[in-house]
Structures are given as structure tokens and as C-alpha cells.
Amino acid sequence: MLKLKLHWQILIALGLGILYGLFFTGAVEYVSWMGDLFLRALKMIIIPLIITSIVSGVSNIGSAQNLGKLGLKTISYYILTSLMAIFVGLILVNILQPGVGADLGFRKDVEGLNVVSDSLGNILLRMIPSNIFEALVSADMLAIIFFSIIVGFFLTRVDDYYKTKLIDLFNGGFELMMKITVFIIHFAPVGIFGIVAGVVAEQKTGLLDIAGRIGIYMAAVLLGLIFHGMITLPLLLKLIGRVNPWLHFKGMTTPLITAFSTSSSSATLPLTMESVEHNSGVSNKITSFVLPLGATVNMDGTALYECVAAMFIAQAYGIELSFLQQMIVVITALLASIGAAGIPMAGLVMISVVLSAVGLPLEGVGLILAVDRILDMCRTTVNVWSDSCGAAIIAKSEGEILKI
Ligand code: ASP
């Protein structure tokens, strides 16, 4: 029998999922369970994978100086690329003006917006968990990452007798989690088929009556994402990383399609780590530090989306934003993308941060709700793509020889 490579199987699964969702809308529950199972398996592995990979990665980095250098490079990459994405969005939304003359009657109510807007200041505070078990149970990624970095760092400072044993334990644990990840990846085609069929069936009617200004708003976000994903990031890969963007992209097909179908950078993380390590050849030392952090903090697609959405809402309400206010939108869009969790719709809720910073009506979020799912799928793909490009660029800057 013809044996197709995994990325072909996944592309076919994506296509079949779309067709199934469109033509067998009523029978979608017969296949959507496969997607749920796949997603549950991915989520099952995330926390143990993050802990073991960060602890073993950081303990391999060793000295505080090396860790500091890597940390600085990583954070600079995150901020730089997110800002580049936001400016692309800002330019597009100013040219296309999608909100001007938009119908405010389209608005829907959204709950829970106020809660987020005042908790942004707590992001840094929440990074330090007061109870690590609570952080684990509530999957508070930043807190888990912070704790794992601390454990990895101090592991190199304990007595040799314990040190070797503990480092072996975490290295072994990480190997084990990667083995489970590779096993789960075998189910990706079926899982993606189930997820996509479910999403298409759910969104079908909503997407068909999108017209007018909301369509232009979608186009602004999508064009921005395409520009950032296909031009800016590949250029950075080529010019700074000196690697072949196409080869890197080919190796990333599985995580990118998974990001697209699941709308979750966190759920995609196991697959991202596996592909960046095995297909692009980035060392575990770099992937285990850059990727888990990136899945929570580095969201270029979300940053671009926050900016375009906030500007769209301002235009729809006929509120003119000055240059200074637009710069505040840029900064808060960056913060909101950092604060957004790697889960579906996190970006939509975080828009309240941007809106309240420049005094725009919070109910404006209701305007963009109908098309959020599809945009979420696309921005999550760009988020994951940027994380993977960051890992390759940083690995090259650390003198690693890659396969791309
Ligand atoms: N779903 C996105 C992610 O996981 C976050 C967002 O909603 O923008 O990367």
C-alpha cells in the first residue's frame, strides 16, 4: 500500500475534515470525538513535558552568565518580532480602514472582559507561584515555567552526589515525555480530521453571512499574518539565522497544521518541540528553553491581531486615535500578546487591555466575535511559526549546526 509521509497525511486530513464539516454537518459528532481525544492526549503531556524539558535544558546551560545571555537573546527576539508584526497590522488597518462605516448592530455580548483588564499588571506577580501545586493544577504556564527554570538553575549547585542523580532523572523524564509525544503524533491525521470537521461544521453558517466591513477587517488581519509569516519571519531566518526558511517550514508542517486546527500554541507545544529538534536539528538545550517560553509569551500573530482589532473597533465607533494613542495601542497590544495564554480565544479576551488603555468601549469586542475562531486559527499558526523560527535563529547564534 502507498505509504505517505506524515505531513502529507496531515494535509489530506485537513482537506477531508473541511469537506466532512461542510457536507456532513449533522453527522459531525461521529468524527469530532477523534479530535477531542487527540487534543486531550496533547494536553495530558504538556505540563510534564514543560517541566522535564526546562529543568534538563536549564541544568545543561549551567552558569548564570550563559542562562542570562540566552534569556536576553530570547526575550529580544520575542519583543522585536512581535513589534514588527504589530506595525504591519497598524499600517494595514490604517490603509484599509475596515471599521469606517461598520454596522454596530452586528455586535454581540461578551462576558468576563473587565476581569482581564485589571489583571495585566499582575502578570509579573503571578509568575511567581505562591503554591506550585496550585499552579500545576490550574495549568498556570508562566508560573510553571518560572519554577522549572529555578529548579534547573539550582540543580547545578547541589552536592555532586545528588546533582548527577537528579539531572539524570530529569533528562530521563524528558526522553520519556518525548517518546510519548512521538507516539501521540501518529494519531495527528485522525485527530486533525476530527477537529477540523467539528470546527467547520460549527462555523459554517456564521462564516457564510460575513459581509461588508467585517470581511475587510478579516482581510486586514489575514494579510498582516501572511506578510509576517511569509515575508518578515523567513527574511529573519535567512538574514540573521542564515538558514533555509523553506526547509525549516517543511519540517514544521505537522505543528503548524496542528496549531491551525487546535487554535492553541500550548497544545501544539509537544509537536513543535519534536519537529524543531528532529527536523530542523536544534539542540534540546535551546528548544527546551525557547519553545515552552515562546508558547506562552511570544505571540506575533496575536499581537498583530490585538492591534488591528482595537483599531477596527475605534473606527467602527467613529473614534479618531491620535498618533500617541496609536503608539499606546502598539505597546498594549504587545503586552496583551505576552499576557495571553496559549489557548483558544485568549487573544479575544485580552483585547480589553488594549481598549481600556485608550478609552475605547469594551463592548466593541462584540463586533469581532463572530469571526474570531477563524482568525484565532490563523494567528495561532503564526504564533507557533514565530516560536520555531526563534529557536532556529537563537540556535545558530549559539554556534549550533542545524539540518536546515
Ligand atoms: N489561541 C492563541 C494561541 O494559543 C492565543 C490567542 O487567542 O490569540 O496562540
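Everything numeric here is computed off the predicted structure, so don't read it as measured data. In each ligand, atom 1 is the first atom listed, and ligand 1 is the first ligand listed.
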Numbering as shown, the atoms of ligand 1 that approach [X] to under 4.0 Å (heavy-atom distance):
X      : answer
Thr302 : 5 (C), 6 (C), 8 (O)
Ser263 : 1 (N), 4 (O)
Met345 : 7 (O)
Ala346 : 7 (O)

Using distance alone, determine whether Ile343 and ligand 1 share an N or O pair under 3.5 Å.
->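 N/O-N/O distance below 3.5 Å exists for this pair.
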Nitrogen or oxygen of Ser266 less than 3.5 angstrom from that of ligand 1 | no
Kindly indicate whether the side chain of Phe289, heavy atoms from C-beta on, has any atom under 4.5 Å from the side chain of Leu67.
-> yes
Residue part near ligand 1, for Ala340, under 4.0 Å between non-hydrogen atoms | neither
Between Arg379 and ligand 1, which residue portion shows a heavy-atom distance shorter than 4.0 Å: side chain, backbone, both, or neither?
-> side chain
Which pair of non-hydrogen atoms, one from Phe87 and one from Met327, has the smallest distance, and what is that distance?
->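 Distance-wise, the nearest heavy atoms are CE2-CE, 4.1 Å.
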Specify the protein heavy atom at minimum distance from [atom]: its residue, its atom name, and the distance to 0.1 Å.
atom                   : result
atom 3 (C) of ligand 1 : Ser265 OG, 3.2 Å
atom 2 (C) of ligand 1 : Thr380 OG1, 3.3 Å
atom 6 (C) of ligand 1 : Gly347 N, 3.2 Å

Counting only heavy atoms not in Ile401, do more than 12 sit closer than 6.0 Å to its CD1 atom?
->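 Check fails, neighbour count at 12 or below.
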Around Glu400, counting heavy atoms of other residues, nucleotides and ligands shown, do more than 12 lie under 6.0 Å from its CD?
->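 For Glu400, atom CD is crowded (more than 12 foreign heavy atoms under 6.0 Å).
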Pi-cation contact, Phe153 with Arg157 (under 6.0 Å, within 45°) |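 Yes; both conditions hold, so Arg157 lies above the ring face of Phe153.
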Please verify whether a non-hydrogen atom of Ser264 lies at under 4.0 Å from ligand 1.
->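 Within the 4.0 Å threshold, so yes.
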For Ala341, is the nearest heavy atom under 4.0 Å from an atom of ligand 1?
-> yes
Hey, do the aromatic rings of Tyr217 and Phe312 have their centres closer than 6.0 Å?
->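 Yes; Phe312 has its ring centre under 6.0 Å from that of Tyr217.
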Is there a donor-acceptor pair under 3.5 Å between the side chain of Asp300 and the backbone N or O of Ser386?
-> no
When you check the gap from the basic side-chain N to the acidic O, do Asp372 and Arg379 get nearer than 4.0 Å?
-> yes
Glu398 with Lys73: basic N within carboxylate O range, under 4.0 Å =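 Yes, charged N to carboxylate O under 4.0 Å.
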